[in-house]
Each structure stands twice: as C-alpha cells, then as structure tokens.
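Heads up, the thing below is written out as structure tokens.
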Amino acid sequence: MSLLQLAPMAETTLAPAAWIVRNLWLIPAIPMAAAGLIALLPQPQRRPAAALAIGSLATSFLLALVAFVHVLGNWASGAPTRETISVNWLSVGSSTLQMGWVLDPLAVIMLVMVTFVGSLIFLYSTGYMSHDVNFTRFFCFLALFAGGMLGVIIANSLLLLFMCWEIVGLTSYLLIGFWYHKPSAAAAAKKAFLTTRVGDIFFLLGMVWLYAQTGTLLFYDHGAGSMEPAALQLLLGQHAAWGLSAAAAIGLLIFAGAAGKSGQLPLHVWLPDAMEGPTPVSALIHAATMVAAGVYLVARVFPLMSAGAGPGMTTVPLTVIAWIGAATALFGAIVAVAQFDIKRILAYSTVSQLGYMMVGLATGGVAVGMFHLITHAFFKALLFLGAGSVIHGCHEEQDIRRMGGLRKAMPVTFLAYTVGMLALSGFPIFFSGFWSKDAIVGAAHHWPVSQGPFWMLLIGAVLTAFYMMRQIGYVFLGSWRGAGHAHESPAVMTFPLLTLAFFAIALGLLGTPAWPWFTSFLEGRSLSLDLAGFQEPGLLPLMAATSVLVLLALAVGWRLYGRRTDTQASALGQVFVPDPLQSAAPRIFGWVESRLYFDELYAVTVLRLYALCGALAVWLDRCLWGGIVAVVSAGFRQLGRWNKSIDSGWIDGGFDKGCEELTTAGGVLAWLQADRAPAYLRTLTIGLLLLIAALVIAASVTGQVKL
C-alpha cells in the first residue's frame with residue numbers, strides 16, 4: 001500500500017458561490033451566539049439554556065447537512081469540490097492579512113460529525129446534569145466549546161484556525177474544571193490548559209514562520225495559498241537547521257501543537273486527568289471535538305507535511321508523526337489494562353486511538369486517518385456516555401471494583417455499551433472499528449520506512465480488546481459488588497446511546513475495500529462497488545490475522561473477568577480481591593497502574609526544573625536586580641541630599657542674602673525719600689515761576705518782547 005495523499009481538487013472560479021458557501025460562517029456562529037445569550041440568563045433558567053444550546057447546535061447540524069448535500073452534488077457531477085471565501089481582515093501598509101472559510105469534503109465530513117454527535121451529547125446532558133446547580137453555566141460553556149471547534153473546521157486560514165483553537169482550549173479548561181469545588185478538578189483544568197499551551201507555543205512559531213516565508217496564512221487561494229504547489233515549492237527550497245527544509249521544520253512545529261491537543265507523547269498527561277469534568281464533557285472532548293482537533297489540523301496541513309514525498313516515499317514530519325503515534329497507541333493501551341476508574345480506562349483508550357489516527361495519517365494518508373477519527377467519534381462517544389449512564393445508575397460510583405452484574409439492572413446501557421466495546425476492539429466484519437483500524441494497521445504494514453509502528457499497533461490492538469473485555473467483566477458481568485441498588489438511566493440518556501450504537505455499526509459500510517466510499521469522497525475519485533478490492537496483496541491474510549488476535553484477546557479477557565463472582569473483602573468496600581493480573585505480576589501491574597510514573601517523572605524533572613527556574617528568578621529579582629536597584633536608589637538618594645544641601649545652603653542662601661541687601665538698600669532710600677515729595681514740588685514750582693519772571697524782565701529791558 002503506497003502512501004495515499006489527497007488528490008488535487010479543483011478550485012472554485014470567481015463565479016458567485018452558493019448560498020451555503022457564502023454563509024458557512026453561520027455554522028460556528030450560531031452556537032457562539034447561543035453561548036452569549038445563555039451567559040445573560042439567570043442560573044435558574046434551565047429550560048431556556050438547554051433549549052438555546054441544543055437548538056443552536058441542531059440548527060448547525062441542519063446547515064452542515066445542507067453543506068454536505070452541496071459538496072456531495074458537486075462530487076457526483078464532477079464540479080469543483082473545494083470552495084473558499086476570503087475576506088480582508090487587517091491591513092498594515094501594503095500588506096493585507098486575509099481570513100476566510102473553506103468547504104470541501106474534509107471540512108463537511110467533520111461538520112456533520114461534530115454537530116450530530118455534539119447534539120446527542122447536549123441532549124444527554126439535560127438528564128445527566130439535571131440536578132446540578134450550575135446547569136445554565138454548563139450549557140453556556142458547551143455551546144461555546146462546540147462553536148470553537150466548528151470554527152476550527154471551516155477555517156481556510158491558519159490564523160482563524162488558531163483563534164478558534166484557543167477558544168477550544170479556553171472552554172476545555174472551563175469544562176474540565178467545571179466542578180471547581182473539587183481540588184482534583186481544578187488541578188486537572190490547570191494541567192490541561194498549561195500542557196496544551198506548550199504545544200500551542202510551537203504551533204504559533206510555525207504559523208509565524210509560514211507567514212514569513214509565504215506571505216499568506218490562507219490554505220487555499222486559487223493557487224496562491226500556503227498549502228498549494230507554488231508555496232510548497234518555495235518552502236522546500238528554503239533550508240532550516242539540521243538539514244531540514246522550511247516545509248519540514250514548519251510541519252514539525254505545527255505537529256507539536258497537534259500533539260498537545262490530541263494527547264500524543266509526551267504531552268498526553270493532561271488527557272486522562274480531564275476525566276474530572278462531568279461525563280458529557282469527557283464524551284465531547286475525547287470523542288468529537290478537542291482531541292480530534294489535533295488530528296484534523298494534521299489532515300488540513302497534510303500537503304505541507306507530505307511536501308516533497310514521491311510514490312513510496314515519506315518525509316521527516318510524517319516519519320516523526322508515525323513513530324510518535326505508534327508509541328502513543330501502545331502506551332495508552334498498556335496503561336488502560338491496569339486502571340480501575342471506568343472513565344480513566346476510556347481516557348487511556350482515547351490516547352491510544354489518537355495514536356492510531358496519527359499513524360494512519362502518516363502512513364496511509366488523510367482518508368485512512370480521518371476514517372478512524374469519524375468512526376472513533378461515534379463509538380467512543382457511545383462508551384463515554386455509557387460510562388456516564390453507569391455512573392448515574394450506580395449513584396456516582398466510578399470504581400469498577402464496586403460494580404458488577406449491571407447487565408440485569410441496566411439492560412439498555414449494557415446493550416449499547418457492548419456495541420461500543422466491540423467497535424473499539426475491532427471485532428471482525430460487523431463493527432466500524434474493525435474496518436477503520438484495520439486500514440491503519442494495513443497502511444503501517446506497507447510503510448516503506450520501518451515495520452516498527454506496525455508491530456506496535458498490532459500489540460495495541462490486542463491489548464485494546466483485552467482491556468475492554470476486562471472492563472465489561474468488571475462492570476456488567478459477575479455479581480453486584482456496590483452499595484445500594486443500581487438502576488437504568490432515563491430515556492433522555494439512553495436514546496443517544498442507542499443512536500450512537502447504530503452508527504458504531506453502520507459507519508463501517510462506508511470504508512470497506514469493496515466499497516471505499518469515504519476514501520473516494522475525500523479524494524474526489526469516482527466510486528464503484530468492486531469486490532476485487534479484497535484482492536489487494538496481503539489484505540485478506542492481514543485481516544484474518546488481526547481478527548484472530550482480537551478474538552483471542554477477547555477470549556482471554558472473558559476467561560479472566562467474565563465470570564468473576566468475588567465480593568469485597570471488607571464491609572466498607574475499601575479492600576478488594578486482587579485483579580488476576582495484579583496477582584500474577586504485582587510489581588509490573590503496579591507500574592502500569594501508576595501510568596508508568598510519567599507524572600512522577602515530570603514532577604522530578606520538568607516541574608523541578610521550573611521550580612528551580614522560579615527560585616532563580618526570585619533570587620535574581622530580590623538579590624541581584626533588587627540589590628542593583630537598592631544601590632542605584634541609595635546613590636540617587638545621596639545625590640538628592642547633596643542637591644538639597646547645595647540648593648538650600650548655597651543657592652538659596654546666596655539668593656536670600658542678596659534679597660536681604662536689596663531690602664536694606666531699599667529701606668535706606670525709602671527713608672531718604674520719605675515725606676519729601678510735596679516740598680520738592682513746591683520748590684520746583686517756585687523755581688519755574690522765578691525763571692519765567694526773569695525771562696520776561698530780561699526781554700522787556702532789551703526791547704525784544706512786545707506785550
């Protein structure tokens with residue numbers, strides 16, 4: 001199997017776009033607007049809040065269906081299957097930054113999945129959260145979360161995608177820590193926010209670098225986009241460090257952001273702790289939205305990741321993605337084997353399955369990885385909502401050792417959960433997970449670089465079937481070990497379970513080798529029913545081998561856990577009969593139960609380094625910089641004292657002395673002049689009169705004056 005890539009799709013011309021293309025922005029905008037309206041409602045307004053949230057996402061679902069029909073019609077008629085709308089957002093000098101949205105098969109498939117699964121989760125939440133005092137606030141966050149994810153999907157600009165990406169990150173923090181009165185929930189929210197920020201920093205660097213090299217952040221722009229051949233050739237011609245091209249380096253930076261959101265090693269540690277949020281949040285984050293965002297990002301920038309790869313070749317980013325994805329898939333499956341929290345088992349299962357998706361993208365192309373993302377969204381949402389139903393029916397109990405025998409007390413939940421378990425395990429033929437997971441395993445088997453990821457995925461598949469059978473045995477089989485009596489959940493919670501169970505089976509029909517509808521739709525190729533698809537070299541033997549391994553793993557799980565009748569060893573329920581694996585290898589089981597001590601490793605390395613850096617920063621601030629500031633301050637204070645002395649002693653003293661002398665001189669003159677003005681005037685008048693008289697007499701004598 002050669003490396004599959006998305007076939008080049010025809011771009012739209014300048015002809016007027018269809019109504020749904022022009023108004024595609026409404027799909028994320030409607031839930032966001034609903035979130036704003038809900039935020040203005042008082043807390044007691046439960047029904048309006050739920051109605052706004054569910055109604056907004058249902059409306060987005062209907063618009064997504066319209067978009068799907070539009071793209072499907074274009075595909076069937078041979079018309080362009082990728083249409084874009086771009087608008088000027090910011091102008092600086094002669095440069096204009098554009099943003100916009102794209103409608104293509106990749107986007108529309110995600111839009112339909114997110115809105116449909118999200119609507120079911122919203123509906124389920126009305127029952128699960130019915131007694132929560134912060135019901136209104138919960139639906140506000142849910143609506144904003146869904147709007148952010150839908151914005152990620154439609155974005156035709158890496159900048160717009162990043163903005164919506166950060167909305168998803170913010171709302172995940174708010175939802176994981178929704179029960180903030182629990183210290184564990186508050187800690188998990190901070191852990192998720194900070195861990196994903198690590199990846200986002202690299203994502204931001206890659207985005208800035210891409211803009212610096214190409215001058216645009218649009219994915220597709222009639223040949224001028226950053227994911228189109230001209231820009232990719234430019235990036236391939238630019239060299240970065242360690243012999244990498246700019247395309248490879250930017251691809252790795254963007255993948256780091258995807259690894260943070262999608263819980264890939266070593267940034268996976270936040271994802272299992274996200275279970276501290278309400279169960280509908282777990283279903284939304286782990287199935288349809290947040291964790292899928294990272295996989296979708298890699299799929300959206302796949303032309304960049306695969307730039308320069310010819311037939312039978314790969315690239316540095318794809319090689320890194322394949323190995324990290326395989327390691328994540330195996331790690332998640334191993335750790336899930338030894339967990340006892342019903343949601344934590346599913347959380348590590350999600351970590352594992354995200355690894356499968358990444359390997360599928362790297363070794364088989366966009367269609368292979370995305371098909372597993374879509375099928376996984378349905379059966380993992382089913383499993384999380386089923387776990388929520390179990391927790392609800394067992395009076396908020398999450399420890400599977402305090403459950404058992406629920407198949408009788410909760411028959412509908414048991415039926416739906418079993419379907420999800422078999423789909424996740426890859427049970428042969430009848431379940432969607434079999435077809436999507438086998439496609440990834442097959443692609444890894446034909447990967448030209450190494451067989452390492454193939455064997456890691458194969459072991460992971462065996463462990464997945466085993467730990468899911470273990471969970472079924474603990475929860476639904478055997479005898480009841482909990483307190484009180486379990487009960488079935490209300491119809492508002494079981495209806496979404498049955499709906500998701502149907503799609504967990506039916507979606508497999510879209511990806512069989514005989515009728516590969518999903519691949520043909522994404523790649524824009526013609527479709528026909530052809531049983532010759534099963535004749536691809538090595539396909540049937542590989543399918544048979546994986547099927548046998550899965551069945552054996554299920555059988556071993558049934559043998560160890562299917563007929564457990566043990567009860568708790570103490571009345572308080574704090575001591576349990578050891579797990580069979582724990583009895584067989586207690587030390588290894590302890591390591592696995594402790595998640596291979598990743599958190600402890602980070603605590604003594606990364607966190608301690610941060611603590612040392614913080615202590616160093618405090619020392620520098622208080623001692624070095626503070627000392628320098630104190631010395632400079634003391635110097636200026638001394639200069640101030642000198643300045644004051646000079647000013648007050650010399651300058652002010654001299655000025656004051658001069659003023660005193662002038663005052664004294666003025667006093668003397670004033671004394672000399674005091675009361676003499678009238679006498680001066682009289683003397684002046686008399687003198688003037690005498691002068692006039694003398695002049696008159698003199699003139700008369702000489703005869704020169706005639707009177």
Side-chain angles (χ1 to χ4, degrees), residues 6 9 11-12 14 17 20-29 32 67 71 80-111 114 147-170 199-232 234-235 246-247 250-251 253-258 261 289 292-305 307 366:
L6 280 176
M9 296 184 179
E11 291 288 343
T12 54
L14 297 179
I20 187 60
V21 179
R22 297 194 309 272
N23 295 282
L24 195 68
W25 61 273
L26 289 171
I27 295 179
M32 289 186 180
V71 175
T81 53
R82 177 181 292 125
E83 300 174 85
T84 61
I85 297 290
S86 299
V87 295
N88 294 337
W89 180 64
L90 181 66
S91 295
V92 179
S94 60
S95 299
T96 300
L97 195 61
Q98 291 184 307
M99 293 197 297
W101 51 89
V102 59
L103 182 62
D104 61 3
L106 177 61
V108 79
I109 285 288
M110 285 290 292
L111 287 174
V114 170
M149 182 64 195
L150 294 171
V152 168
I153 294 170
I154 71 167
N156 186 40
S157 163
L158 200 59
L159 177 59
L160 178 60
L161 189 151
F162 186 77
M163 291 177 176
C164 296
W165 181 277
E166 292 304 302
I167 293 175
V168 171
L170 169 64
D200 290 353
I201 290 173
F202 292 103
F203 183 7
L204 180 61
L205 292 174
M207 183 173 65
V208 173
W209 193 350
L210 181 66
Y211 182 75
Q213 294 293 327
T214 64
T216 182
L217 290 175
L218 292 177
F219 296 132
Y220 301 100
D221 187 23
H222 308 290
S226 59
M227 296 296 119
E228 295 181 287
L232 296 177
L234 175 65
L235 293 173
I250 294 171
L253 289 172
I254 294 176
F255 170 67
K261 275 288 191 291
T289 53
V295 178
Y296 176 79
L297 173 62
V298 174
R300 177 54 74 192
V301 300
F302 191 80
L304 175 67
M305 299 290 187
V366 171

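- G151 and P28 get closest at one heavy-atom pair: N-CB, 3.5 Å.
- In this structure, V366 and V298 have side chains that are not in contact, with every pair of non-hydrogen atoms separated by 4.5 Å or more.
- Residues P303 and A299 approach most closely at CD-O, 4.5 Å, considering heavy atoms.
- The closest side-chain heavy-atom distance from V152 to F162 is not below 4.5 Å.
- When atom types are taken as modelled, the side chain of E228 and the backbone of G225 share a donor-acceptor pair closer than 3.5 angstrom.
- The CG atom of L232 lies 8.0 Å from the OG atom of S226; values are rounded to the nearest 0.5 Å.
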- [ ] Apply side-chain contact (heavy atoms from CB on, under 4.5 Å) to the pair R300 and M227, showing each step before the final yes or no.
- [x] CA-CA 9 Å; R300 177 54 74 192; M227 296 296 119; over 6 Å; no
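- What you find for T216 and A224 is that their closest heavy atoms are CG2-O, 3.5 Å.
- Proximity of a side-chain donor or acceptor of N156 to a complementary backbone N or O of Y220 within less than 3.5 Å is detected.
- At least one side-chain heavy atom of M305 sits under 4.5 Å from a side-chain heavy atom of V301.
- With rounding to the nearest 0.5 angstrom, the CD atom of Q98 is 11.5 Å from the CG atom of L90.
- From E83, atom CD reaches atom CD1 of I20 across 10.5 Å, with rounding to the nearest 0.5 Å.
- For the atom pair L235 CG and L210 CG, the distance stands at 6.0 Å (nearest 0.5 Å).
- Screening L161, I167, V168 against W165 for a side chain to side chain contact (heavy atoms under 4.5 Å, CB included) leaves a single residue, L161.
- In this structure, the side chains of M99 and N88 stay at 4.5 Å or more apart for every pair of heavy atoms.
- By the neighbour-count criterion of 12 heavy atoms within 6.0 Å, atom CH2 of W25 is sparsely surrounded, having that number or fewer from other residues, nucleotides or ligands.
- Contact of the E166 side chain with the D200 side chain is registered, since non-hydrogen atoms from C-beta on lie closer than 4.5 Å.
- Note: L24 CG to I85 CD1 = 9.0 Å, rounded to the nearest 0.5 Å.
- The side chain to side chain contact (heavy atoms under 4.5 Å, CB included) test with W101 is passed by exactly one of T84, I154, N23, I153: I154.
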- [ ] Start with the C-alpha gap between L217 and M207, add the side-chain angles, then the distance that decides, and say whether side-chain contact (heavy atoms from CB on, under 4.5 Å) holds.
- [x] CA-CA 8 Å; L217 290 175; M207 183 173 65; 3.8 Å; yes
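- When all heavy atoms of A231 and T214 are compared, the closest pair comes out as CB-CG2, 4.0 Å.
- Here the shortest heavy-atom pairing between T96 and S91 reads OG1-OG, 3.3 Å.
- Taking all atoms of both residues into account, the shortest heavy-atom contact from A292 to M110 is CB-CE, 4.4 Å.
- Remark: L150 CG to C164 SG distance equals 9.0 Å, nearest 0.5 Å.
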TODO: List the steps and the verdict of side-chain contact (heavy atoms from CB on, under 4.5 Å) for M163 and L159.
DONE: CA-CA 6 Å; M163 291 177 176; L159 177 59; 3.9 Å; yes
Open item on the list: Assess the residue pair V71 and D104 against the criterion (side-chain contact (heavy atoms from CB on, under 4.5 Å)); give the C-alpha distance rounded to whole Å, side-chain angles, the decisive distance to 0.1 Å, and a yes or no.
Closed with: CA-CA 7 Å; V71 175; D104 61 3; over 6 Å; no
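- Counting non-hydrogen atoms of other residues, nucleotides and ligands closer than 6.0 Å to OH of Y211 gives a total above 12.
- Between F219 and L158, the closest side-chain pair of non-hydrogen atoms falls below 4.5 Å.
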